Number of protein chains: 2
Amino acid sequence: MRLSTKGRYAVTAMLDLALHGEKGPVTLADISENQGISLSYLEQLFASLRSKGLVRGVRGPGGGYYLGREMDEITIANIICAVDEWVEFTRCQGKGNCRGGQRCLTHSLWDELSEQIYNFLEGITLGDLVKRGDILDVVKSQRQDKEGMRVVI
Amino acid sequence: MRLSTKGRYAVTAMLDLALHGEKGPVTLADISENQGISLSYLEQLFASLRSKGLVRGVRGPGGGYYLGREMDEITIANIICAVDEWVEFTRCQGKGNCRGGQRCLTHSLWDELSEQIYNFLEGITLGDLVKRGDILDVVKSQRQDKEGMRVVI
DNA sequence: ATAATTGTTGACTAAAATACTAGGTTATCT
DNA sequence: AGATAACCTAGTATTTTAGTCAACAATTAT
């Protein structure tokens with residue numbers, strides 16, 4: 001699996017969309033300015049996101065991007081998989097070259113860990129993050145202690 | 001944060017160490033052959049792991065590497081952080097260029113997600129994976145149903 | 001109708017990270 | 001002494017990242 005700044009950009013941009021998409025489509029130019037990501041790079045990322053149905057583009061003046069689905073139906077795993085290839089090349093490809101099953105064991109262990117991470121990211125939606133952002137704001141304004149600010153899933 | 005094949009290599013190699021370290025030190029040549037990772041590349045990775053105290057090298061004939069601590073005291077986050085820089089460059093650096101706090105909001109949301117992933121990886125130790133590997137083997141030999149094979153943290 | 005706006009697509013590029021190679025030095029065991 | 005294996009340094013090919021540039025298509029406002 002991969003999880004680099006590319007996926008981070010995509011998640012951040014999608015968050016921007018979720019936060020400002022209520023009042024009409026959001027232009028890539030806005031996101032570019034808000035998040036400090038190059039416009040053309042965003043276009044590339046959104047081409048991937050669009051092909052997976054995660055966003056919906058509206059052309060012409062006043063156009064921009066909407067979320068492709070409800071924010072509660074879009075998981076972080078969805079977004080990262082759309083822009084960041086989810087490679088699975090460590091599993092021995094049935095060549096039978098695993099001596100004593102040792103190689104198979106470590107590989108299956110890693111695969112299990114990889115699956116755990118995937119399930120974790122699959123369990124968080126954009127909606128969750130936005131809701132938690134609100135909570136964080138409320139908590140912050142109430143000046144609670146730091147322990148109270150740590151929101152657990 | 002980063003989580004690419006580099007960290008995957010490191011985790012896999014450390015798993016190898018945890019699985020075979022009982023009967024003496026494990027050589028990088030063995031790991032290289034078992035896991036199909038280039039020897040010199042492993043040396044680079046282990047230089048990082050060693051500097052963080054995650055492994056302990058023994059020179060000379062019959063030498064190799066031991067785990068630096070008990071496998072229950074080594075988390076996946078430890079390993080990935082040792083070889084894969086844990087960058088934190090999205091947070092606005094106090095330049096006050098966040099208009100209306102919107103940029104700050106998405107950034108803090110991402111930071112929160114990033115922290116969740118970190119905590120998740122921090123909660124899994126090498127020992128956990130090895131134990132689960134045993135469990136998996138037992139379960140597999142008992143031919144239980146597939147649901148029983150999915151181990152949850 | 002026409003101009004402005006915005007998405008869509010493709011080709012191309014500089015910089016960085018990745019994965020690997022080559023060659024050496026040092027400690028330790030037999 | 002000689003073999004072994006960690007340890008160290010430098011270099012390099014490939015891939016990925018992050019970005020630019022340019023042309024084009026669809027839609028809206030004037």
Side-chain angles (χ1 to χ4, degrees), chain A residues 1-13 17 20-21 24-33 35-68 80 82-87 89-90, chain B residues 1-13 16-17 20-21 24-68 80 82-87 89-90:
Chain A
M1 104 167 236
R2 305 192 74 87
L3 206 162
S4 57
T5 47
K6 198 175 181 182
R8 186 198 197 102
Y9 275 5
V11 172
T12 307
L17 228 61
H20 308 123
V26 181
T27 71
L28 291 189
D30 282 348
I31 299 178
S32 169
E33 199 177 359
Q35 308 298 337
I37 309 172
S38 119
L39 177 59
S40 300
Y41 196 45
L42 276 176
E43 285 172 351
Q44 285 177 36
L45 296 181
F46 272 71
S48 302
L49 295 172
R50 205 178 69 90
S51 73
K52 305 277 181 177
L54 296 178
V55 296
R56 186 166 46 88
V58 178
R59 292 184 168 192
Y65 280 97
Y66 285 109
L67 290 181
I80 289 176
V83 299
D84 247 343
E85 223 65 28
W86 196 280
V87 272
F89 68 96
T90 317
Chain B
M1 100 170 240
R2 304 194 75 88
L3 205 161
S4 58
T5 46
K6 198 175 182 181
R8 185 199 198 102
Y9 275 4
V11 172
T12 307
D16 209 297
L17 229 60
H20 307 124
V26 181
T27 70
L28 291 190
D30 283 346
I31 299 179
S32 170
E33 199 177 358
N34 277 338
Q35 307 298 337
I37 309 172
S38 119
L39 178 59
S40 299
Y41 195 45
L42 276 176
E43 284 173 349
Q44 287 175 35
L45 296 181
F46 272 71
S48 302
L49 295 172
R50 205 177 66 90
S51 74
K52 304 278 181 176
L54 295 179
V55 296
R56 185 165 48 88
V58 179
R59 292 187 168 192
Y65 280 99
Y66 285 109
L67 290 181
I80 290 175
V83 299
D84 246 343
E85 223 65 31
W86 197 281
V87 271
F89 68 97
T90 317

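Every chain is numbered from 1 and lettered A, B, ... according to where its sequence line falls, protein lines coming before strand lines. Worth saying up front: this structure is predicted, and the values here are computed from it rather than measured.
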Calculate the interatomic distance between [X] atom [atom1] and [N] atom [atom2]; express it in whole Å.
X: B:Y66; N: D:dA6; atom1: OH; atom2: P; answer: 12 Å
X: A:L45; N: D:dT20; atom1: CG; atom2: C1'; answer: 15 Å
X: B:K6; N: C:dA16; atom1: NZ; atom2: C1'; answer: 12 Å
X: A:Q35; N: D:dA18; atom1: CD; atom2: P; answer: 15 Å
X: A:R8; N: D:dT17; atom1: CZ; atom2: C1'; answer: 15 Å
X: A:L42; N: C:dT9; atom1: CG; atom2: P; answer: 16 Å
X: B:F46; N: D:dC8; atom1: CZ; atom2: P; answer: 14 Å
X: B:D30; N: D:dA6; atom1: CG; atom2: C1'; answer: 14 Å

[X] to [Y] - nearest heavy-atom pair and separation:
X: A:G7; Y: A:V83; answer: CA-CG2, 3.9 Å
X: A:G21; Y: A:Y66; answer: O-CE2, 4.1 Å
X: B:T12; Y: B:Q35; answer: CG2-OE1, 3.2 Å

By side chain to side chain donor-acceptor pair (under 3.5 Å), which residues pair with B:T27, not counting sequence neighbours? B:D30
Donor-acceptor pairs under 3.5 angstrom involving side-chain atoms of residues 42-65 of chain B: please list them, not counting sequence neighbours.
unit_1, atom_1, unit_2, atom_2, d
B:S51, OG, B:S48, O, 2.8

Heavy atoms under 4.0 Å is the rule here; annotate nucleotides 20-30 of chain C 5' to 3' with B where the base is hit, S where only the sugar-phosphate is, and - elsewhere. BBB---BBBB-
Kindly say if [X] contacts the phosphate of [N], meaning a side-chain N or O under 4.0 Å from OP1 or OP2.
X: B:R56; N: D:dA6; value: no
X: A:T5; N: D:dA18; value: yes
X: B:S4; N: C:dT18; value: yes

Base, sugar-phosphate or nothing for A:Y65? Non-hydrogen atoms, less than 4.0 Å. sugar-phosphate
Any donor and acceptor pair, going by atom type alone, linking the side chain of A:S32 with main-chain N or O of A:I37 inside 3.5 Å? yes
From B:L39 atom CG to B:L28 atom CG, the distance as rounded to the nearest 0.5 Å: 6.0 Å
